[in-house]
Amino acid sequence: MAESVLLAGGTVVDVDGERRIDVRIDPVSGRVVEAGADLDVVGSEVHDVSGAYVLPGLVDVHVHMRQPGREEAETVETGARCAALGGYTAVVAMPNTTPAIDCAAVVREVLELGRTAPCDVHSSGAVTIDRAGETLAPMAEMAALGVRLFTDDGAGVQDPGLMRRAMEYAADLGVTLAQHCEVDALAAGGHMHEGEWSSRLGIPGQPAEAEEMMVARDLMLARLTGARIHIQHVSTATSVAMVRAAKAEGLPVTAEATTHHFTLTHAECASYSPLFKVAPPLRTDADVEAIRAGLADGTIDAVATDHAPHTQESKELPFEQAPPGMLGLETALALAIGHLDLPMVDVVRRMSLAPAAIAGVADVHGRPVAAGEFANLCVLDPGATWTVDPTVTASRSRNTPYGGWTLQGKVIHTVLHGEMVVRGGEALR
Amino acid sequence: MAERERRLTPPFGGVFVARKRVMGPDDVDRAVWRMAHEIIERNRGLEDVAIVGLQTGGVPLAHRLGEAMHQIDGVNVPVGSLDVAFYRDDIGLRPVLPEAVTDIAFDVGGRVVVLVDDVLFTGRTIRAALDALTDHGRARSVQLAVMVDRGHRELPIRPDYVGKNLPTRRDEVVNVADDGVELGEMMK
Amino acid sequence: MTSLLTAEQLSLGEVEDLFGLADSFLEVSSRRMPKVPALRGKTVVSLFFEDSTRTRLSFETAAKRLSADVMTFPVAASSVNKGESVRDTIETIEAMGIDAIVVRHRYAGVPHQIAGWTSASVINAGDGAHEHPTQALLDAFTLRQHFGSVEGLRVAIVGDIRHSRVARSNVALLASLGAEVTLVAPGTLLPPTVAGWPTTTTSELDEVLGSVDVVYLLRMQTERMREHLVPSLREYRARYGLTAERATRMKSGAVIMHPGPMNRGVEIAGEVAELPNALVVDQVRNGVAVRMAVLFWLLGSGVGPHDGPVESDPSGAERTVDG
């Protein structure tokens, strides 16, 4: 019954570079069955994608689904729909839910919720019980269910001794520890980047050093333990420099940067809108430049969104009381294209290939667009311009900081395991 | 002064362009003396009389009247100034800022107060002035002296002493200066 | 409607308008009947999420002397305490028909947020460590009254600049009026950076004491000790307190100011607060006149902040020239 789908006339960009070929997908096997020039249209549902890019589906290693516990802000289903609309075929859900994802039971719940979602939903696991930074969580039990990334995201593991043990323990499980780098003793009470703007606005700030000290510590612990470490949402120039040096030294480190940290600065906080409150905070122009440079030279492996839905009410609190976080899944690709000045092949590396590897899903996602490979793809119209309307989103929340921005580049189709889950920019499920 | 200059230029006002001179310096002088005589005559002397000029146009005129009375009668009549901005009935409808600070250094209660203004037009400024004066005390009676009565009254108010009755069009503007009175219009 | 959210937003012309109005209202306040009908029919709400009896009374007195109706929103006793959001509170009181909201909040930026949710004028009566524009206006007005002009005055602002909305507003306003402002505080009580501020900085009060025209003391909150910002009140007093001895070393003609409430014996010695050159009482008195000026300017003058569209006034010329 299900006929094959032909993406005709597009330009494929994957690990092998850029080429003008058609792609035939079999929805039954969920695989690419044919990839080549001028494929026969007979017997296929043909989608003319001329002028568009056909890319491996994007992978986001850093998404907050809010389920279980904060379903008024987002659910696995709505978050995954945002992801699909943004061109993502796999995401890693962060563990700061209620209860936290710190044991097999909660992992199972999240994975179960994700089974029908329009995007592959992988669960991370907490490093410590209830993300409290005191007791190691049962990482092996979670790893057995497929968890490949462990983090207390939303908080850093403060105790260096505990972090060392976690890294030693995790090294044997074939998983990666990821860190939200923020030293509480320096960051506590700070609600934005400490500097010129915080001084003027009278909002208590947190210094860049609150992040950098933990980046430095974890790089040292990686050297000490030999365990892999993934630095989440790198936001300062010094953090980028430290990661660059660690990589040069050969330490097993990877890093991600969020879209907002290469598109927005702390000057945005002058509006006092909590839409611009995020952790780590928006930084300076120089930091933004350093993030862009780090993404350009590969110091920063991956673009992440840190998609963090919050209800309208919570984002109407006073700046200092509002929770940090912004939506990101539906705008990330266009922002990466518009603000990074990278060749498309590098955009694909940062947003699909590298995050797939970090998330431990590189056998299924971020694959070459070639016959026999899993058909997890997104199709991008690079010329389409659109204006971000916060009310037009698949999210239950509206806390995008980009409302009113005109972006270039729009995802038109997303293919998940051979099934078109987004067609013509509309989510089909 | 900067204040006043700013307010005479758009969007607050415009530039006054004179078309016709209706009183010269001597005419104004004669009118002041005549009104001073009338005030003395009407009040049978200057006992309990005080003069209050309305900010800003009425203030120099009030002082000239006071001097004239002193020369005629040898009495020093107290002279004050009154700003009516906070009593106007068009507050919130158009720019209203006080021209100057009110200065009434004498007790109004029981006195005959002669309000002085340069031009009497709609009567609304005088209405506001009556309210403002009431807040300073209960005068025995209030009289009104103006250099020019140009008509177009919108309230039942009439002057007791007039320098000159001057028929005007509504859109015309009367400018009273030290050295005379001009009729003209505002250019935006 | 327009709002007064910061001292920084004010142009020189606007400050001049406000001072002119305050002169007039000072005269009104000195009358036996210190009340004018200027804002009859206008409703002003005071919405103090953080207690400040002095500031609230000053605003409410100002509004009443302008004949406005005044509503005091009892935050502590209201649904705000039962979890009602600020936005819902604003929308509720706006529905009752109001013209201005005077807001005090312990967090920076709340008046900005409120201004986005209401068409009433919003007056910032202090937001967190951000701004307190009417305090700066009354301080500058007091200096203008005392010295004739603010231009060229050397002003030392002493104490907890970091957490002070008064300091931020005064820096903006006094500097724009041509004063030379020096911030006097240890590094812990200065903002993280003062780069770009129109000020100089020193950590030693004694360095500037003999050369400034104004010593402006900030309130030293005792909880700062617990935050490791100063070792002890004793050490703070020793370095930054305006003691009787220090007061004798001030330049001749120099004045002492304090936004209140004073911690006598901490930032200011009890007897120093009573010196004839301490303008604290003038500040309070002028506060009412300046707040009358702000309320009238926003609600009654038809002028208001100059950046907004000024109502065109075909008949204004007649009034100006004809009196």
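Just so we're on the same page: letters track the sequence lines, and every chain starts at 1. All heavy atoms count here, side chains included; hydrogens, waters and symmetry mates do not.
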Review point. Nearest 0.5 Å, what's the OG1-CH2 distance between A/Thr406 and A/Trp386?
Key: 10.0 Å
Exercise for review: Output the option from A/Glu313, A/His191, A/Glu316, A/Gln321 having the highest count of non-hydrogen pairs under 4.5 Å with chain C.
Suggested key: A/Glu316
Check your understanding: What part of C/Glu8 gets closer than 4.5 Å to chain A, counting heavy atoms only: side chain, backbone, both or neither?
Key -> side chain
Practice item. Report the C-alpha separation of A/Ile231 and A/Ser239 in whole Å, then their side-chain angles, then the decisive distance to 0.1 Å, and conclude whether the side-chain contact (heavy atoms from CB on, under 4.5 Å) test is met. Key: CA-CA 9 Å; A/Ile231 310 292; A/Ser239 294; over 6 Å; no
Point to revise | Part of C/His163 within contact of chain A (heavy atom distance under 4.5 Å) | key: neither
Point to revise | Side-chain ion pair, C/Glu227 and C/Arg162, N-O less than 4.0 Å | key: no
Review point. For the atom pair CG (A/Asp287) and OG1 (A/Thr238), what is the distance rounded to the nearest 0.5 Å?
Key: 7.5 Å
**Study point:** Heavy-atom donor-acceptor pair, C/Asn124 side chain to C/Pro133 backbone, under 3.5 Å
**Key:** no
Exercise for review: For the pair C/His130 and C/His112, name the ring-plane relationship: parallel under 30°, tilted 30 to 60°, perpendicular over 60°.
Suggested key: tilted
Practice item. Look at A/Cys269, A/Gly189, A/Gly202 and state which one has the largest set of heavy-atom pairs under 4.5 Å with chain C. Key: A/Gly202
Practice item. Decide whether a cation-pi geometry holds between C/Arg104 and C/Phe48; the criteria are a distance under 6.0 Å from NZ or CZ to the six-membered ring centre and an angle within 45° of the ring axis. Key: no
Study note, to complete from the structure: For residues 165-194 of chain C against chain A, heavy atoms under 4.5 Å, the residues are C/Arg168, C/Pro191, C/Pro192, C/Thr193
Exercise for review: Classify the ring geometry between C/His105 and C/Phe49 as parallel (under 30°), tilted (30 to 60°) or perpendicular (over 60°).
Suggested key: tilted
